[in-house]
> 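Have a look at this one.
In what follows, chains are A, B, ... by sequence order, proteins preceding strands, each numbered from 1.
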2 protein chains.
Amino acid sequence: MSDIKNYIQEHKDRFINELVELLKIPSVSADSAFNQDVLSTANAVKESLEKAGCDHVEICETPGYPIVYGEKMIDPSLPTVLVYGHYDVQPPDPLDLWDSPPFEPVIKNTELHPEGAIFARGACDDKGQMYMHVKALEYMTNTGNLPCNVKFMIEGEEEIGSESLGWFVKRNQEKLSNDVILISDTGMIANDIPSITTGLRGLSYVEVEVTGPNRDLHSGLYGGAVANPINILTKMVASLHDENNHITIPGFYDKVEELSTEERAEMGKAPFSLDAYKSALDINDVYGEKGYTTNERNSIRPTLDVNGIWGGYIGEGAKTVIASKAYAKISMRLVPNQDWEEITELFTKHFENIAPKSVSVKVNPHHGGQGYVTPIDSLGYQAASKAYEQTFGKTPIPQRSGGSIPIVSLFEDELKSKTILMGFGLDSDAIHSPNEHFGIFNYLKGIETIPYFYKYFTELSK
Amino acid sequence: MSDIKNYIQEHKDRFINELVELLKIPSVSADSAFNQDVLSTANAVKESLEKAGCDHVEICETPGYPIVYGEKMIDPSLPTVLVYGHYDVQPPDPLDLWDSPPFEPVIKNTELHPEGAIFARGACDDKGQMYMHVKALEYMTNTGNLPCNVKFMIEGEEEIGSESLGWFVKRNQEKLSNDVILISDTGMIANDIPSITTGLRGLSYVEVEVTGPNRDLHSGLYGGAVANPINILTKMVASLHDENNHITIPGFYDKVEELSTEERAEMGKAPFSLDAYKSALDINDVYGEKGYTTNERNSIRPTLDVNGIWGGYIGEGAKTVIASKAYAKISMRLVPNQDWEEITELFTKHFENIAPKSVSVKVNPHHGGQGYVTPIDSLGYQAASKAYEQTFGKTPIPQRSGGSIPIVSLFEDELKSKTILMGFGLDSDAIHSPNEHFGIFNYLKGIETIPYFYKYFTELSK
């Protein structure tokens, strides 16, 4: 594989241009207005896998958006790597905060990306990181360096809960059989501090609706005499955290894994500057659960955040109205051992319980997923670690992440294999935010590192 | 004036058609997209006053939307009535809750309006009620029944705080000089229980903005570690009421006029059914300040309501984001003696004080106005009372309203005259809500009652 650096140098512009084309298609799975674009993206991914050397590629229908499946089987006695990624993207809102349109990719230099970064929705999450695997396969097949079998499973509903993926995996266990699952949908600490994500938080996402009077009312004539659903919603949401920022839902913490003092001390060694963190976000202070550090709060502790709230008049000017209804989207990040369905039920019961008699409340569960921890003594982790050492010249740091990829625990249950999270994004890449971007360095470094994972995984499996 | 019933019967269809045409123009003052429509409405009002018999009508420019001024002066030694109304309307949102488009008036029968009601934005507030005065003038001039002088002042910014009206009144005290001001922009208890509004609440309307991190963040990576502006906003808003639903802003109640036991007992005699109230609004229970009845809560007590709230992702589906900013529109209804500018200041100071260090807060005052109480022994009140007796066959009940018409106290200060609030709408007319309507009975009864006010006011003034 000594020729890989040259291969990348030679094809670099094409690699970037191909990704730019893919980023132009607005595959927003959450909004049905983009239905056709999501389907076009699936087709584009199919074609790219064919060109990269897969023997067999198909668009597999599901109850929702299709899954693109591709494979290159060279010898059944060799190990098989299953690559997972997703071709759908987050909604780009709020549009007015983007410096350039989200689906018209531009390349700009930034402080953290002096070699340039591609700015577009999905650049990092996950089109850019998914496409690294396609290009790594191209290199391996074109140069005769593919050491084992490979399968691709690229879905289009990751940003809305991967429901069809569960359906598909349960029905295709043989087709998907593998020795290790490889995903690039996470990040690393810094471009000179490679890391591998070993823990993910689970997720429960719900939407709540508070209904007061049967119609919008004049706030002068009714104000003070009837429950205002917005005021009630703020009271109910506010009460979900106590003064120490503990979540107040009864039973919420029952199964939370408490880390030992040693484990927390080990975590505390990861390089972290609170001042740099605050200054990057332009905040005067951090805020979170009493008794835990910032890095603990966003990785080993469960959380509850309102992701959206709305009700009443939100247009220009003033309207003196008491709204009939108020709404919020609320997500809870969960840690290993918390069961997302159980937490969703606890939330629902509690939220209904705390509603005053003067309003009615509906809780609609959106989706969820379990948390996950990868053992660092597994073959897959060892292979990944050696691959980073090869290309970064440093041993990667194992790291717990606050994000959720609920399907990781689904894979473990259904396909009985371990997942390795080789993420090449940075926290500052603004995934799910305006001006999402992905460094050119990171993109190319991913393409360079992935083939070494195949090499070492195959060697260690012998 | 014995011919008035016949006159109305004869011209009834035209009276309705003319109002329907006026209601078709979407004069939404809060939204600059409707700028031209607001101006067209001013023109339509001008023409209607000319046709109704005014000698002189003009469109008076202001820093905002123009004021339509008209007059019919028959004898300087006779009293002068100044009619105030407004030609702008509330925004029609939420549009999807209207049974028919807000600016395409339709007439339908309802339980409370068996003779039909006109459904359209502004039908009751205030185009319909304002136009009663135009048609009453038409009757009086066409039949030689006008007993005194009359002036009209119809503005286009009532729904956004009447700022230009204050500017105009201060500069035109002589032009506007009068003996009594007559306004129909309130309601009455029921079609068979006439009432006259004698008290109005003041208003302070503000918009708040809570800013956390400098961009939207991924809730998995940052959740639990940084202040979420929406969660913080819910905590701050929730804290504005204590467990007894008292408002917690320091100094808020300092100047609130406390009614005597006798006064409260007198108020308690007004016909009111809590069961009917709850059932009309489809609520299981009322909600409000401890120690006060429903009718007290919405008339003699100040309130604080969120009229709109928004932040984060509010589209279809799910987005796991921590928003950079969250917003709310908040209005406080005030009672006589509370000064709206002082209350706005108290709110601003308090809201800034309760913000945690991890967010920044902005309070933008929108507009406001003072509360008002009309003495029932004034000439104007007596004349109005006799007019209702004449046309309804019953003495009207004096009633304190929860709504605000801030300009009433401006008039008292600048023009030194009392205002009489002869409102013909019903609480159930859904003003400021989807499906606003105004009963045909109420519209015609208003046209019939107004000329008697002129008659008795002129007689009592001798």
> Which region of A:Thr211, side chain (C-beta onward) or backbone (N, CA, C, O), has a non-hydrogen atom less than 4.5 Å from a non-hydrogen atom of chain B, or is it both or neither?
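Answer is neither: A:Thr211 stays 4.5 Å or more from chain B.
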
> Quick check for you: among A:Ile431, A:Asp282, A:Thr294, A:Asn307, which has the greatest number of heavy-atom pairs under 4.5 Å with chain B?
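Looking at each of A:Ile431, A:Asp282, A:Thr294, A:Asn307 in turn, A:Asn307 comes out on top.
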
> At a heavy-atom separation under 4.5 Å, does A:Arg301 approach chain B through its side chain, its backbone, both, or neither?
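Neither; nothing under 4.5 Å.
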
> Restricting to non-hydrogen atoms, name the atom on A:Tyr372 and the atom on A:Val408 that form the minimum distance, rounded to 0.1 Å.
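Heavy-atom minimum between the residues: CD2-CG1, 3.1 Å.
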
> What residue in A:Pro434, A:Ala318, A:Ser299, A:Ser29 has the most heavy-atom pairs under 4.5 Å with chain B?
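Maximum pair count with chain B is reached by A:Ala318.
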
> When only pairs under 4.5 Å are counted, which of B:Ser433, B:Gly288, B:Ala430, B:Gly312 shares the most heavy-atom pairs with chain A?
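Greatest number of close heavy-atom pairs with chain A: B:Ser433.
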
> If we define contacts as heavy-atom pairs under 4.5 Å, which of A:Glu296, A:Met236, A:Glu159, A:His241 has the most with chain B?
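Looking at each option in turn, the highest pair count goes to A:His241.
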
> Taking A:Ser204 for the side chain and A:Met332 for the main chain, is one N or O donor matched with an acceptor at less than 3.5 Å?
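No.
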
> Whether the side chain of B:Asn228 engages the backbone of A:Val306 through a donor-acceptor N/O pair (distance < 3.5 Å, no angle test) should be reported.
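Flag set: sc B:Asn228 to bb A:Val306 pair under 3.5 Å.
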
> Output yes when a side-chain donor or acceptor of A:Asn298 lies under 3.5 Å from a complementary backbone atom of B:Tyr222, and no otherwise.
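Such a contact is absent between A:Asn298 side chain and B:Tyr222 backbone.
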
> Is chain B contacted by the side chain of A:Tyr205, its backbone, both, or neither, given a heavy-atom distance below 4.5 Å?
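Looking at A:Tyr205, just its side chain touches chain B.
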
> Can you pull out the residues in residues 320-328 of chain A with any heavy atom less than 4.5 Å from chain B?
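Heavy-atom contacts from residues 320-328 of chain A to chain B are A:Thr320, A:Val321, A:Ile322.
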
> For A:Ser219, is it the side chain, the backbone, both, or neither that has a heavy atom closer than 4.5 Å to a heavy atom of chain B?
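Contact with chain B involves both backbone and side-chain atoms of A:Ser219.
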
> Of the backbone (N, CA, C, O) and the side chain (C-beta and beyond), which part of A:His366 lies under 4.5 Å from a heavy atom of chain B, both, or neither?
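Side chain of A:His366 only, per the 4.5 Å heavy-atom cut-off to chain B.
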
> With a 4.5 angstrom heavy-atom cut-off, which part of A:Lys319 approaches chain B: side chain, backbone, both or neither?
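Both backbone and side chain of A:Lys319 come within 4.5 Å of chain B.
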
> Could you tell me which portion of A:Ile283 (side chain, backbone, both or neither) has an atom closer than 4.5 angstrom to a non-hydrogen atom of chain B?
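Side chain of A:Ile283 only, per the 4.5 Å heavy-atom cut-off to chain B.
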
> Just by distance, do the side chain of A:Asn244 and the backbone of A:His246 share a donor-acceptor pair under 3.5 Å?
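No, because the side chain of A:Asn244 does not come within donor-acceptor range (under 3.5 Å) of the backbone of A:His246.
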
> If you measure only the distance, is there a donor-acceptor pair under 3.5 Å linking the side chains of B:Asp305 and B:Ser331?
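No pair is found: no donor N or O on one side chain lies under 3.5 Å from an acceptor on the other.
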
> Can you see whether A:Asp216 engages B:His432 through a side-chain donor-acceptor pair at a distance of less than 3.5 angstrom?
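B:His432 and A:Asp216 do not have a side-chain donor-acceptor pair below 3.5 Å.
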
> Could you tell me whether the side chain of B:Lys235 and the main chain of A:Val237 form a donor-acceptor pair under 3.5 Å?
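Absent.
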
> Taking A:Ala225, A:Ala30, A:Gly161 one by one, which has the highest count of heavy-atom pairs under 4.5 Å against chain B?
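Counting heavy-atom pairs under 4.5 Å, the top option is A:Ala225.
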
> Looking only at heavy atoms and a cut-off of under 4.5 Å, which of B:Thr186, B:Val286, B:Asn231 has the most pairs with chain A?
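Winner by heavy-atom pair count: B:Asn231.
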
> Please name the pair of heavy atoms, one in B:Pro102 and one in B:Pro92, separated by the smallest distance, quoted to 0.1 Å.
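Where B:Pro102 meets B:Pro92 most closely, the heavy atoms are CG-CB, 3.6 Å.
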
> Please state whether the side chain, the backbone, both or neither of B:Tyr292 comes within less than 4.5 Å of a heavy atom of chain A.
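No part of it gets close to chain A.
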
> Against chain A, work out which of B:Arg297, B:Arg201, B:Lys278, B:His218 has the most heavy-atom pairs shorter than 4.5 Å and name it.
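Max contact count across the listed options: B:His218.
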
> So which residue, B:Ser358, B:Ala227, B:Ala280, ends up with the most heavy-atom pairs under 4.5 Å with chain A?
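The candidate making the most pairs under 4.5 Å is B:Ser358.
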
> Measure A:Leu304 against the heavy atoms of chain B and call it side chain, backbone, both or neither at under 4.5 Å.
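For A:Leu304, backbone and side chain are both near chain B.
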
> Based on non-hydrogen pairs under 4.5 Å, which of A:Leu281, A:Asn295, A:Leu97 is most in contact with chain B?
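Of A:Leu281, A:Asn295, A:Leu97, A:Leu281 has the most heavy-atom pairs under 4.5 Å with chain B.
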
> At a heavy-atom distance under 4.5 Å, which candidate from A:Leu217, A:Leu200, A:Leu203, A:Ile309 has the highest pair count against chain B?
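Counting heavy-atom pairs under 4.5 Å, the top option is A:Ile309.
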
> Give a yes or no on whether the backbone of A:Asn364 and the side-chain of A:Glu207 come within a donor-acceptor separation of less than 3.5 Å.
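No: the side chain of A:Glu207 does not pair with the backbone of A:Asn364.
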
> Between B:Gln399 (side chain) and B:Ile189 (backbone), is there a donor-acceptor pair under 3.5 Å?
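Not at all, since once roles are kept as given, no pair shorter than 3.5 Å links the two residues.
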
> Taking side chain as everything from C-beta outward and backbone as N, CA, C, O, which of these in B:His367 sits under 4.5 Å from a heavy atom of chain A? Side chain, backbone, both or neither.
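Only the side chain of B:His367 comes within 4.5 Å of chain A.
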
> B:Arg121 side chain to B:Pro91 main-chain N or O, any donor-acceptor pair under 3.5 Å?
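Yes: the side chain of B:Arg121 pairs with the backbone of B:Pro91.
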
> So which of B:Pro213, B:Ser239, B:Gly311 has the largest heavy-atom pair count under 4.5 angstrom toward chain A?
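Winner by heavy-atom pair count: B:Gly311.
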
> Can you say whether B:Lys357 sits under 4.5 Å from chain A via the side chain, the backbone, both, or neither, judging by heavy atoms?
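Both parts, backbone and side chain.
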
> Check each atom of A:Pro302 against the heavy atoms of chain B and say whether the ones under 4.5 Å are side chain, backbone, both or neither.
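No part of it gets close to chain B.
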
> Could you tell me whether a side-chain N or O of B:Asp31 sits under 3.5 Å from a main-chain N or O of B:Phe34, the two making a donor and an acceptor?
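Flag not set: sc B:Asp31 to bb B:Phe34 has no pair under 3.5 Å.
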
> For B:Trp310 and A:Tyr313, which heavy atoms make the closest approach, and how far apart are they?
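For B:Trp310 versus A:Tyr313, the nearest heavy atoms are CZ3-O, 4.4 Å.
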
> Grab the two heavy atoms, one from A:Cys124 and one from A:Asp429, that are nearest each other, plus how far apart they are.
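Closest approach of A:Cys124 to A:Asp429, heavy atoms only: SG-OD2, 3.8 Å.
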
> Any sub-3.5 Å donor-acceptor pair from B:Glu289's side-chain atoms to A:Gly224's backbone N or O?
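Flag not set: sc B:Glu289 to bb A:Gly224 has no pair under 3.5 Å.
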
> Please classify the contact of B:Ser32 with chain A as side chain, backbone, both or neither, using a heavy-atom distance under 4.5 Å.
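Contact with chain A involves both backbone and side-chain atoms of B:Ser32.
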
> Can you name the nearest heavy-atom pair linking B:Phe252 to B:Thr303, along with the distance?
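Scanning both residues, the minimum pair turns out to be CZ-O, 4.3 Å.
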
> Taking atom CG of A:Asp125 and atom CD of A:Glu436, what is their separation to the nearest 0.5 Å?
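It comes to 5.5 Å.
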
> Output the option from B:Ile160, B:Thr293, B:Ile232 having the highest count of non-hydrogen pairs under 4.5 Å with chain A.
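Most pairs with chain A among the choices: B:Ile232.
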
